[in-house]
Amino acid sequence: MTGQSRTLKIVATGIFAAMVTVMTAYICHIPYGANGGYIHFGDTLIYLAAVFLPRPCALAAAAIGGGLADLLTAPMWMPVTVIIKMLIVLPFTGKHDKLLCRRNLAAPVLAGLLSAAGYYLAEALLFGSFAGAAAAVPGSLIQSGGSAALFYAAAVILERSHANVQIRRLLGGRA
């Protein structure tokens, strides 16, 4: 890997982290529940990072972006968010020419389930009630479903415009 390629990946990771932070903390940020949860579409950008960036970079962008968003809005959730946001990167792949390959069609669903389960478990442990934590699950699923829908729409647009090929070339991935 050349120095320029490495620099581009680091810059792209930082840009994705910043976009995740802003989209999560400020754009369509809808609080729900009594424990600091909120609906957002920052996961859409995590999903896009997961298909465009090498896995270590996507993990970093997800952890940094999600963590900073929580630091700005609901700091008690930051440690949990860092872990969960890294986990939701794992179902995706950037190893196919198409963004919407079979694996990436299923990945947002798996990521949404991981996210909802992770926050449910964290809330139950933090507040001492598995029954009470269940009240936040619908909001988690709505947020994940919205992020999935936006990911699918963005992937279709990027593929139809062939921007996905240009982005991958720029980042040194498959073209």
Side-chain angles (χ1 to χ4, degrees), residues 6-94 99 104 107-130 132-151 154-155 167 171 173:
R6 187 176 13 255
T7 301
L8 280 171
K9 285 180 176 80
I10 291 168
V11 169
T13 300
I15 289 170
F16 268 109
M19 291 189 307
V20 168
T21 300
V22 170
M23 183 69 102
T24 302
Y26 301 115
I27 300 174
C28 295
H29 178 100
I30 306 163
Y32 72 88
N35 296 326
Y38 53 93
I39 296 170
H40 63 84
F41 301 112
D43 288 357
T44 299
L45 292 160
I46 291 174
Y47 301 163
L48 289 170
V51 298
F52 283 122
L53 297 174
R55 177 147 297 154
C57 295
L59 291 167
I64 293 166
L68 285 174
D70 273 0
L71 186 62
L72 294 166
T73 61
M76 66 183 269
W77 291 103
M78 188 180 135
V80 171
T81 292
V82 167
I83 294 166
I84 291 170
K85 296 309 177 188
M86 288 193 309
L87 288 174
I88 68 172
V89 166
L90 299 178
F92 291 87
T93 184
L99 296 179
N104 289 341
V109 174
L110 294 172
L113 293 173
L114 280 168
S115 182
Y119 283 112
Y120 166 76
L121 181 60
E123 187 164 338
L125 293 173
L126 280 170
F127 299 107
S129 171
F130 284 92
V137 171
S140 281
L141 294 174
I142 289 168
Q143 181 247 293
S144 294
S147 288
L150 286 176
F151 167 75
I167 293 167
L171 296 175

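- With values rounded to the nearest 0.5 angstrom, T73 atom OG1 is found 11.0 Å from M78 atom CE.
- A salt bridge (charged side-chain N to carboxylate O under 4.0 Å, His left out) check over residues 56-68, counting only residues at least two apart or in different chains, returns nothing.
- By the 4.5 Å heavy-atom criterion applied to side chains, F41 and I27 are not counted as neighbours.
- For G132 against E123, the heavy-atom pair with the smallest separation is O-OE2, 4.4 Å.
- Distance alone, capped at 3.5 Å, places no donor-acceptor pair between the D70 side chain and the M76 backbone.
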| message | If you apply the rule side chain to side chain contact (heavy atoms under 4.5 Å, CB included), what do you find for I64 with F16, and how did you get there? | response | CA-CA 9 Å; I64 293 166; F16 268 109; over 6 Å; no

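- Atoms OG1 and CG, on T81 and L68 in that order, are 11.0 Å from each other to the nearest 0.5 Å.
- From I10, atom CD1 reaches atom CD1 of I15 across 12.0 Å, with rounding to the nearest 0.5 Å.
- Put simply, the side chain of F151 does not reach to within 4.5 Å of the side chain of D43, judged on heavy atoms.
- In this structure, the side chain of T13 engages the main chain of K9 through a donor-acceptor pair within 3.5 Å.
- Between V20 and G42 the shortest heavy-atom distance is CG2-O, 4.0 Å.
- Inter-residue side-chain proximity for L150 and Y47 is flagged as unmet; no heavy-atom pair is nearer than 4.5 Å.
- For residues 15-29, no pair satisfies salt bridge (charged side-chain N to carboxylate O under 4.0 Å, His left out), with sequence neighbours left out.
- Considering only heavy atoms from C-beta on, I84 stays 4.5 Å or farther from L114 through its side chain.
- Counting only residues at least two apart or on different chains, no side-chain hydrogen bond (donor to acceptor under 3.5 Å, both in side chains) pair has a member in residues 18-27.
- The line from CG of L53 to CD1 of I167 is 10.0 Å long, rounded to the nearest 0.5 Å.
- For I142, the side chain to side chain contact (heavy atoms under 4.5 Å, CB included) criterion is met by I39, not counting sequence neighbours.
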For residues 55-62, which side-chain N or O atoms pair as donor and acceptor with protein atoms under 3.5 Å away, sequence neighbours left out?
residue	atom	partner	partner atom	Å
R55	NH2	L90	O	3.2
R55	NH2	F92	O	2.8

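- Annotation: side chain to side chain contact (heavy atoms under 4.5 Å, CB included) contacts of I83 (sequence neighbours excluded): L87.
- Among all heavy-atom pairs drawn from P138 and A135, the shortest one is CD-O, 3.4 Å.
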| Could you walk me through whether M19 and L48 pass the side chain to side chain contact (heavy atoms under 4.5 Å, CB included) check? | CA-CA 11 Å; M19 291 189 307; L48 289 170; over 6 Å; no

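- The distance from the CD1 atom of I88 to the CG atom of L110 is 11.5 Å, given to the nearest 0.5 Å.
- When all heavy atoms of S115 and S144 are compared, the pair lying nearest together is CB-OG, 4.1 Å.
- The two residues G146 and T44 come nearest to each other via the heavy atoms O-OG1, 4.5 Å.
- Put simply, the side chain of I46 reaches to within 4.5 Å of the side chain of K85, judged on heavy atoms.
- Taking every heavy atom of both residues into account, F52 and L171 meet most closely at O-CD1, 3.7 Å.
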